[in-house]
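Letters go in sequence order (proteins before strands), and every chain restarts at 1. These numbers come from the heavy atoms of this one structure, side chains and all, not from hydrogens, waters or symmetry mates. Here the structure is a predicted model, which is why all the values come from computation and not from measurement.
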Number of protein chains: 4
Amino acid sequence: MGASDGTPVAAGRGKRMPRAVREQQMMDAAVQTFARLGYRAASMDQIAELAGVSKPLVYLYLNSKDELFTACIRREASALVAAVQAGIEPGLPADRQLWDGLTAFFRHTAENPDGWSVLHSQARTHGEPFAAEVAAMRAEITAFVNHLIGDAAREARCDPHLADREVAGLAQALVGAAESLAAWANDTPGVSAKEAAATLMNFAWAGLENLMKGDRWSPSAAATSSAGKSR
Amino acid sequence: MGASDGTPVAAGRGKRMPRAVREQQMMDAAVQTFARLGYRAASMDQIAELAGVSKPLVYLYLNSKDELFTACIRREASALVAAVQAGIEPGLPADRQLWDGLTAFFRHTAENPDGWSVLHSQARTHGEPFAAEVAAMRAEITAFVNHLIGDAAREARCDPHLADREVAGLAQALVGAAESLAAWANDTPGVSAKEAAATLMNFAWAGLENLMKGDRWSPSAAATSSAGKSR
Amino acid sequence: MGASDGTPVAAGRGKRMPRAVREQQMMDAAVQTFARLGYRAASMDQIAELAGVSKPLVYLYLNSKDELFTACIRREASALVAAVQAGIEPGLPADRQLWDGLTAFFRHTAENPDGWSVLHSQARTHGEPFAAEVAAMRAEITAFVNHLIGDAAREARCDPHLADREVAGLAQALVGAAESLAAWANDTPGVSAKEAAATLMNFAWAGLENLMKGDRWSPSAAATSSAGKSR
Amino acid sequence: MGASDGTPVAAGRGKRMPRAVREQQMMDAAVQTFARLGYRAASMDQIAELAGVSKPLVYLYLNSKDELFTACIRREASALVAAVQAGIEPGLPADRQLWDGLTAFFRHTAENPDGWSVLHSQARTHGEPFAAEVAAMRAEITAFVNHLIGDAAREARCDPHLADREVAGLAQALVGAAESLAAWANDTPGVSAKEAAATLMNFAWAGLENLMKGDRWSPSAAATSSAGKSR
DNA sequence: GATGAATGAGAATTCATTCAT
DNA sequence: GATGAATGAATTCTCATTCAT
């Protein structure tokens with residue numbers, strides 16, 4: 001995804017290069033700039049300079065700032081989804097798949113902080129057209145998690161216990177927790193992707209198992225249950 | 001926080017009003033505009049118009065776009081923290097406090113979607129000065145959740161089982177999940193604050209209880225555990 | 001003419017005062033502000049604050065920024081002319097009158113640097129209406145110097161030697177030299193009004209005396225005269 | 001320096017031109033506008049229009065109003081110093097050099113009234129950064145005059161008679177007189193650069209010669225000397 | 001007499017975007 | 001294929017000026 005520091009993204013600047021390569025350089029520069037400054041604050045001038053090309057060339061290849069941003073979002077979203085899918089072996093049990101997927105997710109976001117920032121922070125704060133792009137990717141991931149939970153539930157023969165909407169909420173919570181942990185892992189020195197994934201599995205899997213068994217936490221029982229514990 | 005639709009925020013427009021009132025109207029308009037367009041895309045013109053005043057008055061009272069944004073963040077952060085605190089009774093057991101806090105949190109964010117958006121989406125994507133403002137609030141909440149988990153762990157006499165960093169990670173995950181669920185609840189019609197809170201408690205509390213008992217999920221055990229279940 | 005430092009100009013602030021007094025306070029503040037920031041950069045807000053009154057009051061008394069500036073110019077010009085005239089005794093010989101006038105001039109400008117700055121630097125750089133105001137005063141002074149030179153010439157019976165325009169030019173040069181020296185004296189620590197006046201008299205009077213005797217410097221004679229000197 | 005009237009400064013408007021040419025056109029327009037309206041009152045819009053280009057182009061080439069003003073000051077200062085230096089032949093006697101320099105000075109200021117106004121009136125009234133720019137040029141000229149006076153004094157073997165500060169004051173007065181005469185010559189129809197120079201030489205040189213001989217005017221002697229003359 | 005509240009008009013500056021070469 | 005030259009349209013911010021009380 002290009003250098004993560006401030007140096008020019010293009011390898012050989014000023015050279016003639018095939019269009020596809022130039023385009024990638026521009027998008028590398030764009031992702032970096034968007035991630036650090038935000039969509040509005042990033043200027044086409046900066047992006048072109050960082051990419052080592054002239055501004056008109058950026059327009060020639062990518063048409064407009066909007067399209068450039070969209071292209072960045074799509075590229076980064078695809079890369080993320082691909083990385084997660086590559087980490088999973090479909091035949092394995094659900095919890096193992098979840099673990100593998102989370103590990104891949106944390107690894108990828110750690111290695112591509114700018115790309116992740118574009119997806120997580122920037123795309124969602126700049127109006128529908130962009131947010132929709134990310135929502136699509138998120139839906140894909142959420143659907144996969146849905147599946148996983150559903151499979152596990154079926155394995156455990158507890159279909160009736162989980163309504164569709166409940167599953168959707170859980171997936172949402174899981175993804176949110178993962179996103180939050182990704183940021184935390186990136187900001188806290190010494191936290192590895194594996195550790196983040198383990199934390200999340202510990203946090204989530206037992207809850208999911210309980211739910212599948214039909215055990216639910218309920219406010220009315222809180223006093224009792226807690227009292228029981230502290231007894 | 002003012003009307004959530006596009007109509008002017010001020011009650012009596014064009015009228016002379018005491019400064020304090022006007023200031024609130026301006027901040028209402030600003031929160032709404034920032035939430036929907038983002039910091040950079042929101043123009044002072046739009047904000048002033050929505051507030052029903054002229055631009056110079058906004059500057060007279062709030063000095064600059066930066067300060068206006070900061071003022072909004074502070075106001076919304078205070079309001080959110082206050083709402084959560086108001087929902088909690090300190091003497092109750094930890095899970096009950098968590099439930100109450102989450103319910104209050106989801107209720108407040110549902111009632112103030114724009115304020116929540118400013119805190120969650122906008123403030124964090126527009127540079128350190130603003131992000132720091134929110135980080136402070138988040139730290140406050142995370143610390144509280146930390147406390148709760150720690151208390152519960154102590155009640156359950158499982159001190160050795162949970163390292164400090166593990167607790168911090170869990171709190172982080174919980175808060176992230178809550179934030180994500182808040183957005184989901186806001187966007188999904190018919191999801192109440194209670195339902196969101198219940199989903200999260202179901203998801204989280206069982207996991208936390210297990211952890212406190214020392215049960216951990218581990219990748220090496222995944223195949224077995226899953227196999228056992230499907231047996 | 002008001003404090004020369006940055007402290008409020010008005011003695012008793014917030015008090016009820018007769019209109020004439022308030023007006024002077026405002027003009028003191030205005031002169032100070034105009035002198036230091038220039039006409040355009042000085043804002044009515046600053047002036048009002050420095051004067052210790054509210055802005056509308058400034059408008060009530062002095063109508064507009066233009067009129068305020070004009071009033072300042074007039075007041076300072078009158079004060080300067082009055083000071084110079086007060087320093088002169090009409091019966092005395094021309095050189096003595098010139099000396100006395102210059103001394104008074106340098107003393108007044110040293111004591112009223114802001115007033116002098118308004119006249120010398122500001123009024124002349126902000127378009128005709130204001131420049132004309134100062135030009136009138138300058139003409140008055142120049143005319144007086146004209147007179148003095150004329151008188152001296154007549155005393156020395158050298159009427160034929162000095163054309164009217166030549167006298168005008170000399171007066172102009174003298175006044176210009178005086179203005180320049182005033183600025184220099186204000187900026188150079190330790191230069192007194194007397195010293196400035198002496199420098200100028202030394203510089204100017206001998207030349208004037210020579211001229212009145214009919215001695216003129218001419219380019220054609222330059223080589224010779226200089227050669228003669230160094231012989 | 002471009003047309004001195006109100007018509008556009010650029011020769012070929014709207015055309016594509018090399019950057020260097022456009023820059024000069026912009027600076028021509030800027031000098032004219034600054035001279036007539038003052039720094040603050042001159043708007044970038046006006047300058048751009050007069051230059052026959054769009055405002056963004058002015059910013060692209062000259063960065064800001066401040067830098068544009070500074071660039072104008074530097075250009076005009078250099079041009080003035082160059083013109084004076086070009087008028088002087090170093091080997092000639094001091095009074096001849098002074099005469100030549102003054103003539104060149106008056107000629108240049110007469111031909112570039114706007115440039116002169118920027119240096120003399122505008123730059124000095126708009127804060128340190130700009131005033132310093134002109135002060136540097138003025139120091140250069142003053143140093144040269146200092147030199148001349150010093151040389152003449154040495155030729156006449158009268159070193160002890162003139163203290164450093166006295167020389168500085170004299171140079172100041174001379175330059176002030178010249179500046180004043182330049183304005184007078186510009187405003188009075190039919191006054192040539194030569195006439196202005198002659199007036200100033202007549203005014204100044206005799207005084208300087210006297211001073212070098214040690215003759216000084218003194219107030220105490222005024223009555224007598226004048227009385228003697230009028231006898 | 002005196003002021004807090006309010007604004008229309010304009011200023012500097014930036015940016016996405018397009019030609020002509 | 002690639003770029004120097006150029007701009008229309010905003011955007012943030014300031015200021016002189018006026019009411020209503």
Atom [atom1] in [X], atom [atom2] in [Y]: separation rounded to 0.5 Å?
X: A:Leu62; Y: A:Arg22; atom1: CG; atom2: CZ; result: 12.5 Å
X: B:Leu57; Y: B:Met17; atom1: CG; atom2: CE; result: 11.5 Å
X: A:Tyr59; Y: A:Glu67; atom1: OH; atom2: CD; result: 11.0 Å
X: C:His126; Y: D:Thr125; atom1: NE2; atom2: OG1; result: 5.5 Å
X: C:Leu50; Y: C:Ile47; atom1: CG; atom2: CD1; result: 8.5 Å

Counting only Watson-Crick pairs (N1-N3 plus N6-O4 or O6-N4) and G-U wobbles (N1-O2, O6-N3), all under 3.5 Å, who is the partner of E:dT21?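 Its partner is F:dA2.
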Watson-Crick or G-U wobble mate for E:dC15, both contacts under 3.5 Å: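 Looking at the geometry, E:dC15 pairs with F:dG8.
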Whole angstroms only, please: what is the [atom1]-[atom2] distance between [X] and [N]?
X: B:Leu62; N: F:dT14; atom1: CG; atom2: P; answer: 13 Å
X: D:Glu67; N: E:dA12; atom1: CD; atom2: P; answer: 15 Å
X: B:Ile47; N: F:dC13; atom1: CD1; atom2: P; answer: 11 Å
X: B:Leu57; N: E:dA6; atom1: CG; atom2: C1'; answer: 6 Å
X: B:Glu49; N: E:dA6; atom1: CD; atom2: P; answer: 17 Å
X: B:Gln46; N: F:dC13; atom1: CD; atom2: C1'; answer: 16 Å

Contact pattern, 5' to 3', of nucleotides 16-21 of chain E - B, S or - by protein heavy atom under 4.0 Å: SBBBB-
Can you name the one residue among A:Arg36, A:Gln32, A:Gln122 that meets side chain to side chain donor-acceptor pair (under 3.5 Å) with A:Asp114?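 Going through A:Arg36, A:Gln32, A:Gln122 one by one, the side chain to side chain donor-acceptor pair (under 3.5 Å) with A:Asp114 is satisfied by A:Arg36 alone.
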Identify which nucleotide among E:dG1, F:dA6, E:dT7 has an atom closest to any side-chain atom of C:Leu60, counting heavy atoms from C-beta outward.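 Nearest to the side chain of C:Leu60 among the choices is E:dG1.
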Starting the side chain at C-beta, find the nucleotide from F:dA5, E:dT7, E:dT3 nearest to D:Tyr61.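 In terms of side-chain proximity for D:Tyr61, the closest of F:dA5, E:dT7, E:dT3 is F:dA5.
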Which residues share a salt bridge (Lys or Arg N to Asp or Glu O under 4.0 Å) with B:Arg40, sequence neighbours left out: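 Expected list: none.
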Base, sugar-phosphate, or nothing: which does C:Arg19 touch, judged by heavy atoms less than 4.0 Å apart?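 Nothing: the residue C:Arg19, judged by heavy atoms under 4.0 Å, touches no strand.
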